[in-house]
Enquirer: 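Starting off with a structure, shown below.
Computed from a prediction, not measured in an experiment: that's the story for all the values here. Just so you know, ligand 1 is whichever comes first in the structure, and atom 1 is the first atom listed for that ligand. Quick note: numbers below take in every heavy atom, side chains included, and nothing from hydrogens, waters or symmetry partners. Nothing fancy with the numbering, it's 1 onward along the sequence.
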Amino acid sequence: MTVKDNYDRPIISFRMSITNRCNVNCLYCHHDGMLPSSEEMTPDEIAKISEVAKTLGVKKIRISGGEPLIRKDIVEIIDKINKIGFKDISITTNGTYLAKYAEDLKDAGLNRVNVSLDTLNRDTYKFITHKDYLQSVKEGILKAVDVGLYPVKINMVLMKDINQDEVWEMFDFCREHGLILQIIELMESESCEDNNVFSKKYHYNINPIEEKLAKIADGVKVREFMQDRRKYYIGNGEIEIVKPMDNTRFCKNCSRLRLTPSGKIKPCLLRNDNLTDIIGPLRNGASDDELREIFLTGINKREPYYNDNRQ
Ligand code: SAM
């Protein structure tokens, strides 16, 4: 049975950030401090935490970071999670090492992958990430498709005056290669340069894009337990809209719990002030029942960030 929080939201998905190290430096990224690799959770610790999550009814595991493929034990991590019996294991990656790992990850039990790619323009890519890895990312995406990871989704964060005009070009690229496009609204980021000046300056209102999609789509699906996201079908293509800011529907239908790279349960994407440590007790020998209690403490702290009183 799936555990629900105090707002009747089932906890279906668990997103584990397994490192905060990264090999690119995106303009908008919230770096959660620099945890040395020696202090990162080991594959066995990640597997134990996943196992406890499964006993509470979690169905989906997503691995993220930092850049998860920067970890040399990434295949071992996926293998251990797979052996627990999860049927839906995914990774969010910047794609730079995907060509190298896609096949081994697939063999280890990875089901699907999201690749962050905000632009197909080399100069814009360099401007956003401060690196020149666009070609490797494209190769990684094609390799992921080739080895049968499905679906492969492209995460595209839209930014005013940076890539706002590239949606349709990206959509064509996705259709050509059988990818799903996710358009993500730029969020405020605590540690962005100049205390959110960036997100204020570059925040782009994606409502007009969604309105256009609603008009031209052949079909629409609402992902009820995935933050009520809308998915638009156009010909053989799919575009999903991820709009967390000021969105009560996003919060009302959020079924995702998170884990920080430093081993703390994080109840809400948009908050860092209500974390619950689980790695400390695990390293001090906590029993499975005690770890389950820690999960429940974290789950009980969940509340919709945006609700009808605070929008
Ligand atoms: N390194 C991996 C990657 O690049 O996909 C995983 C970590 S990254 C933080 C996960 C996702 O968060 C990416 O798709 C990224 O675009 C998105 N993201 C990061 N900061 C964001 C922000 N301020 N607003 C919207 N999305 C953001």
Enquirer: Check the pair Phe14, Phe295 against ring pair (Phe, Tyr, Trp, His ring centres under 6.0 Å), reporting the backbone distance first and the verdict last.
Expert: CA-CA 11 Å; Phe14 189 41; Phe295 256 97; 5.4 Å; yes
Enquirer: Taking Tyr125 as the fixed residue, which of Thr129, Ile128, Asp123, Asn121 is the one that meets the side chain to side chain contact (heavy atoms under 4.5 Å, CB included) rule?
Expert: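 Only match with Tyr125 under side chain to side chain contact (heavy atoms under 4.5 Å, CB included): Thr129.
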Enquirer: Taking the side chain as every heavy atom from C-beta outward, state whether Lys60 and Phe86 have any pair of such atoms under 4.5 Å apart.
Expert: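 No, every pair of side-chain atoms sits at 4.5 Å or beyond.
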Enquirer: With respect to Lys266, which candidate in Thr276, Asn272, Asn274 satisfies the side-chain hydrogen bond (donor to acceptor under 3.5 Å, both in side chains) definition?
Expert: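 Looking at Thr276, Asn272, Asn274, the match for Lys266 under the side-chain hydrogen bond (donor to acceptor under 3.5 Å, both in side chains) is Asn272.
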Enquirer: For Glu240, is there an ion pair with Lys153 - N to carboxylate O distance below 4.0 angstrom?
Expert: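 Counted as a salt bridge, because a side-chain N and a carboxylate O are separated by less than 4.0 Å.
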Enquirer: Between Thr93 and ligand 1, find which residue part has any heavy-atom pair under 4.0 Å and reply side chain, backbone, both or neither.
Expert: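 Contact part for Thr93 vs ligand 1: backbone (N, CA, C, O).
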Enquirer: Any N/O of Gly66 closer than 3.5 Å to an N/O of ligand 1?
Expert: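 Min N/O separation from ligand 1 is below 3.5 Å for Gly66.
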Enquirer: Can you tell me which portion of Asn155 lies within the under-4.0 Å heavy-atom range of ligand 1? Options are side chain, backbone, both, or neither.
Expert: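 For Asn155, the contact with ligand 1 is made by the side chain alone.
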Enquirer: Is the closest heavy-atom distance from Glu185 to ligand 1 below 4.0 Å?
Expert: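 Right, Glu185 reaches ligand 1.
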Enquirer: My understanding is that only one of Thr96, Thr93, Asn20 makes a side-chain hydrogen bond (donor to acceptor under 3.5 Å, both in side chains) with Glu67; could you say which?
Expert: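 By the side-chain hydrogen bond (donor to acceptor under 3.5 Å, both in side chains) criterion, Glu67 pairs with just one of Thr96, Thr93, Asn20: Thr93.
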Enquirer: Show which atoms of ligand 1 fall inside a sub-4.0 Å distance from at least one heavy-atom site of Ser64.
Expert: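 Close to Ser64: 6 (C), 7 (C).
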Enquirer: Which one holds for Val157 and ligand 1: side chain close, backbone close, both close, or neither close, with close meaning a heavy atom under 4.0 Å?
Expert: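 Just the side chain.
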Enquirer: Between Arg15 and ligand 1, find which residue part has any heavy-atom pair under 4.0 Å and reply side chain, backbone, both or neither.
Expert: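 Side chain only; the backbone of Arg15 stays clear of ligand 1.
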Enquirer: Any heavy atom of Arg62 closer to ligand 1 than 4.0 angstrom?
Expert: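 Heavy atoms of Arg62 never come under 4.0 Å of ligand 1.
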